[in-house]
Number of protein chains: 2
Amino acid sequence: MKIDRAVVKALPLFDRMSDEDLDKLLGHASPRRVPQGDTVFEQGQPAVSFYLLLHGRLKVTQVTADGQQIIVRVVHPGDLFGFAKALQRSDYPGTAIAAAESLTLGWPTDLWPSFVEHNPRLAVSAMQTIGQRLEEAHTRIREMSTQEVERRVAHAVLRLAKKAGRKEDGGIRIDFPISRQDIAEMTGTTLHTVSRILSAWESLGLVEGGRQKLIVKNPAGLSELAEGSKDQA
Amino acid sequence: MKIDRAVVKALPLFDRMSDEDLDKLLGHASPRRVPQGDTVFEQGQPAVSFYLLLHGRLKVTQVTADGQQIIVRVVHPGDLFGFAKALQRSDYPGTAIAAAESLTLGWPTDLWPSFVEHNPRLAVSAMQTIGQRLEEAHTRIREMSTQEVERRVAHAVLRLAKKAGRKEDGGIRIDFPISRQDIAEMTGTTLHTVSRILSAWESLGLVEGGRQKLIVKNPAGLSELAEGSKDQA
DNA sequence: CGACAGTTTGATAGGATTCAATCCTTGTGG
DNA sequence: CCACAAGGATTGAATCCTATCAAACTGTCG
């Protein structure tokens, strides 16, 4: 399969890299088409590769010892994922599963250290990426510590709309199949509660739901909910 | 104030650095004694320096828009902290306050990029550090999503015992002043609930409480609680 | 047109927060 | 050295949000 160099070059992570270096990088990369529902790697497997998502959408999940599942994060096009080696561990901490048909680019994990040492710029960029992810994690911790479920769901939906939203007639549609269960696993609640909340929102005209479908009709209204306007009164 | 080079050199983050480079590094560092209750930096301030904790104990807190406070993490001796620049932001995301009298080493933030570019090894180490922190954050998210309060508190206490425990007559003492409120802010609950839980544990002989004091008498018993033995039955 | 996966909705129970009051402990000042 | 202030901790009672249990519904796919 032919890899479009321009696509990769457009990503912030690689934009400072010379064409020469980039070609060398792409020379080692293996593209892979991932059908919906298939996994790129699974929790506990040895980390043999790290990846870049070119197209589609992935969910990274973790299963706890007692069988409960959570969604750690959603991978959007342009995101690097599965670089366990950078986290100083030899196996993947989670499972990456395609929420929609996806296209990934994979490199052998062994190449990571040499990449980083040969391209300090890349090292800095990668570190910033992880840093941002850390901040997102802290945001989530903060939300889960201090906010009730409805606000957390509001935040999660707004984030999805921003990261994976596509404008549509009178609303922003989440551009990949997403279930109530998924949202529940992102916010630390149950699908029942999510369903109730979305139903309530739908009757308020804030969103429009459906089977694995979600359209935000009134982002401003949702934001108000998310920010907890009740304190302002 | 004289800085003990050997102390710094012993840290994993710097152990691969040459004496020469290390001296250059320390030449730019400013040591600072931080009395209990004082802050090293505060949330929202411009990130002028990044730090290393040599001695003592710090709590990194965040305050939400509506005034609620959470403890993001506890900084232990040997930990790097406050490197907001690496997270691609110009201000500190949280406040670092001394839980006990502490000693820090600070460098101007501007030096960070040059450090990293001149010492790829350091870049890798730093990235691993952030990576570990990310994992910790995910662990916390997972716990908050799936576990009831008592198990979360058990985990938090065990972590504290491991990171800041000091053996004592028939128990492991958390070696810095810590209140129920602190534990509540670490686990996303209220001090009341924490107090009730600790009281219950004390009557079971698992811990011994007191004013800003906590001694783990039976780590194994606590672990059992933390792992959720109820599912095993 | 079944069958299944996803969704909705009702009823119930329970864990945790909130509100409130009291009790300790520690440090300070007279 | 003792008393008092002040922050910290404990405990009770009531409430409420959310999970759980349970059942029915519906859109979609083969």
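The sequence lines fix the lettering, A, B, ..., with proteins before strands; numbering per chain opens at 1. Just so it is clear, the structure is predicted and the values come from calculations on it, not from any experiment.
In this pair, A:Tyr51 and A:Phe81 present their aromatic rings parallel. The plane angle is below 30°, not in the 30 to 60° band.
A straight line from CD of A:Gln36 to P of D:dC29 spans 10 Å, rounded to a whole angstrom. The separation between B:Gln212 atom CD and D:dG7 atom P is 12 Å, rounded to whole Å. As rounded to whole Å, 13 Å separates atom P of D:dG27 from atom CD of A:Glu208. Distance, A:Lys213 NZ to D:dG27 P: 11 Å, rounded to whole Å. Taking atom CD on A:Glu148 and atom P on D:dC17, their separation rounds to 9 Å, with Å as the unit. Between the P atom of D:dT10 and the CG atom of B:Leu191 lies a distance of 9 Å, rounded to the nearest Å. As rounded to whole Å, 15 Å separates atom C1' of D:dT18 from atom CE of B:Met144. Residue A:Arg151 contributes atom CZ, which lies 14 Å from atom P of D:dC17 at whole-angstrom precision.
With rounding to the nearest 0.5 Å, the separation of CZ in A:Arg151 from CD in A:Glu227 is 7.0 Å.
One N or O on the side chain of B:Ser102 and one on the backbone of B:Arg57 form a donor-acceptor pair closer than 3.5 Å.
For B:Arg180 against D:dT11, no side-chain N or O and base N or O form a donor-acceptor pair under 3.5 Å.
OP1 or OP2 of D:dT11 has at least one side-chain nitrogen or oxygen of B:Ser199 nearer than 4.0 Å. Taking side-chain N and O atoms only, B:Ser195 has no distance below 4.0 Å to OP1 or OP2 of D:dA9.
Atom NZ of A:Lys163 has 12 or fewer heavy atoms from other residues, nucleotides or ligands within 6.0 Å.
Residues B:Asp169 and B:Lys217 approach most closely at O-NZ, 4.3 Å, considering heavy atoms. Of all heavy-atom pairs spanning A:Leu80 and A:Arg133, the tightest one is O-NH2, 3.2 Å.
Looking at A:Val40, A:Thr104, A:Leu103 one by one, the single match for side-chain contact (heavy atoms from CB on, under 4.5 Å) with A:Leu53 turns out to be A:Thr104.
Protein chain A contacts DNA chain C from C:dA5 to C:dA11, reading 5' to 3' and using non-hydrogen atoms of the protein with a distance under 4.0 Å.
No contact: A:Gly209 has no heavy atom under 4.0 Å from any strand.
Along DNA chain D, the nucleotide closest to A:Arg211 and the one closest to A:His192 are compared, and the more 5′ of them pairs with A:His192.
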